[in-house]
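Here is the naming used below: chain letters follow the sequence lines, and residue numbers restart at 1 for every chain.
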There are 2 protein chains.
Amino acid sequence: MKTIDLEDEPTDVERQSSPEKRGRKASKEVRRQQLIEATIDSLAKRGYSETTMADVADGAKLSRGIVNFHFESKEKLLVATLQYMYDEYSAHWRNAYDKAGDNTADQLKALVTADFDRAICNKRKLAAWCAFWGEAKSRPTYQALSGARDTDYQNLLSDLCSRLKAEAGYAFEQQALALALSALLEGLWLRLMMGLEDVTRETALQAANEFLLTAFPRHYTKGASGIQRL
Amino acid sequence: MKTIDLEDEPTDVERQSSPEKRGRKASKEVRRQQLIEATIDSLAKRGYSETTMADVADGAKLSRGIVNFHFESKEKLLVATLQYMYDEYSAHWRNAYDKAGDNTADQLKALVTADFDRAICNKRKLAAWCAFWGEAKSRPTYQALSGARDTDYQNLLSDLCSRLKAEAGYAFEQQALALALSALLEGLWLRLMMGLEDVTRETALQAANEFLLTAFPRHYTKGASGIQRL
DNA sequence: CTATATTGAATGAATGTTCAGCAAATTCTG
DNA sequence: CAGAATTTGCTGAACATTCATTCAATATAG
């Protein structure tokens, strides 16, 4: 119970896929990707306000002027980074949804579980998300991309809640509950990021499951690991 | 349904209580307070990374060097601002709790309702909170104060959930549910701050109430305005 | 050899901090 | 109580630093 289970996955450049292209002269896309990863690192380590172009360049082990070459400006680098995280998150939940099968309860469970997957839910990424959240209000460019849970996601959640309600005749108001659910997920992310109390990926997922359990008692039951579909 | 109900309360210096001391020479405490309010304004308007000492000084309609005179540095100004918001929030929920009477269900409802009170839950304050959240991870100084919902609050929520469970024999796991509830509240704040979708103070409160309704069906029922204790 | 990617020093703008001086308030003094 | 002396709050120009951006020179791949 004492170890915080939010370790980062391997950091830095080891992530790079094509080792043949590591030296001087890598393709445009590889460099951009490399710089975006370095940006996420810096956002996580130093926060938005302390992330400098030099940090990013150093993190990527490249020279100072490199970022302005591949991205036009700091602003554009950050937008590209946010877009990358947005796309990754988006692809992740869509994939989880596609793999979940036809059962509505399974689909909802899959979406919730996916949110706490190591691949997206780790200190590094959460810290980067939060860095953008902090700036989103005053930067129109960020706003659309900052709420990871976008309109599509929200609509899907709402739809699933609606279907479960129809299936089992729950009394809740579907729209309010869907909002509650997505806010809960985001709130748990925030808690994980803060990393104060002993909130771990596991306890966060438990809390989310507890919500499903109480909101949809006719669909889920307590299982050995987490919840099961009835 | 189209107007966003998140207007700020009167901004700027009009908030000041003692109008006699408005000219040159105000007491140390009054000046500090004035500068803290200007800081919140700037955080809300420009975000953390764009908030400068000049902005704050201009916002307070005072000279450039004033902040370093009353606070030693920018860092200390920001810490004082965060501390102020923390104290205010803390006093607010404690007051709501004290006024709620002896009934546990009433107390929990009062805490939740207090969270969406105009006095704390408005664009200006939420934006300022979020600005700090974005920096909290990389600044140890902020961490303790950034989670507005601190240990005391969390313990109280947990305690209330526990009592309600004992009263009515709910099946939920008390700790997970308490975490879910406080994360839900923070998540709703985040949503309100982003201000994209038509999430208003009212719909946010509805979502929170929907949670109480589904989690504690033996304690609450749908009422004319929000929920009622049974 | 040509085109392209990369470097790193130079530049200039933005910004936190300092501080000598000024002005209002307060205390002292005759 | 008047006026001098002192304390206290405040100003804004000057300074130093940090940082994004530029670009001429250089290295590498094809």
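- Side-chain contact check for A:L145 versus A:F132: every heavy-atom pair is 4.5 Å or farther apart.
- One finds a salt bridge joining A:D152 and A:R94 here, because a Lys/Arg side-chain nitrogen approaches an Asp/Glu carboxylate oxygen to under 4.0 Å.
- Note that the CE atom of A:M193 and the NZ atom of B:K137 stand 5.5 Å from one another [nearest 0.5 Å].
- In this structure the side chain of B:L78 never reaches within 4.5 angstrom of the side chain of B:F71, judged on heavy atoms.
- Following rounding to the nearest Å, A:H70 (NE2) and C:dT7 (P) show an atom-to-atom distance of 8 Å.
- Between A:K74 and D:dT21 there is no side-chain polar atom (N or O) within less than 4.0 angstrom of OP1 or OP2.
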Full working for side chain to side chain donor-acceptor pair (under 3.5 Å) between B:S138 and A:E50: CA-CA 9 Å; B:S138 46; A:E50 309 257 278; over 6 Å; no

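- Straight-line distance from the CZ atom of A:F71 to the P atom of D:dT21: 13 Å, rounded to whole Å.
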Restricting to nitrogen or oxygen on both sides, can you table the protein-nucleotides 12-17 of chain D pairs closer than 3.5 Å?
{"residue": "D:dG12", "atom": "N7", "partner": "B:G65", "partner atom": "N", "Å": "3.4"}

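- A:C121 is not listed as a side-chain neighbour of A:D115, based on a closest heavy-atom distance of 4.5 Å or more.
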Check nucleotides 11-13 of chain C against the protein and report each pair of N or O atoms closer than 3.5 Å, with its distance, or say if there are none.
none

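- Side-chain proximity of B:S73 to D:dG9, C:dT17, C:dT6: nearest is C:dT17.
- Here C:dT6 presents its P atom at 16 Å from NZ of A:K61, a figure rounded to the nearest Å.
- As a whole-Å value, the separation of A:F69 CZ from D:dT26 P is 18 Å.
- Contact annotation: the side chain of A:Y153 approaches that of A:L157 to within less than 4.5 Å [non-hydrogen atoms, C-beta and beyond].
- With sequence neighbours left out, the salt bridge (charged side-chain N to carboxylate O under 4.0 Å, His left out) criterion links A:D150 to no other residue.
- The phosphate of D:dA20 (OP1 or OP2) has no side-chain N or O of A:N68 nearer than 4.0 angstrom.
- As a whole-Å value, the separation of A:L77 CG from D:dC19 P is 16 Å.
- Summarising the geometry, the separation between CG on B:D58 and C1' on C:dT15 is reported as 13 Å, rounded to the nearest angstrom.
- When the P atom of C:dG8 is taken as reference, atom CE of A:M53 falls 16 Å away, rounded to whole Å.
- One atom, CZ of A:R31, and another, C1' of C:dT4, lie 13 Å apart when rounded to the nearest Å.
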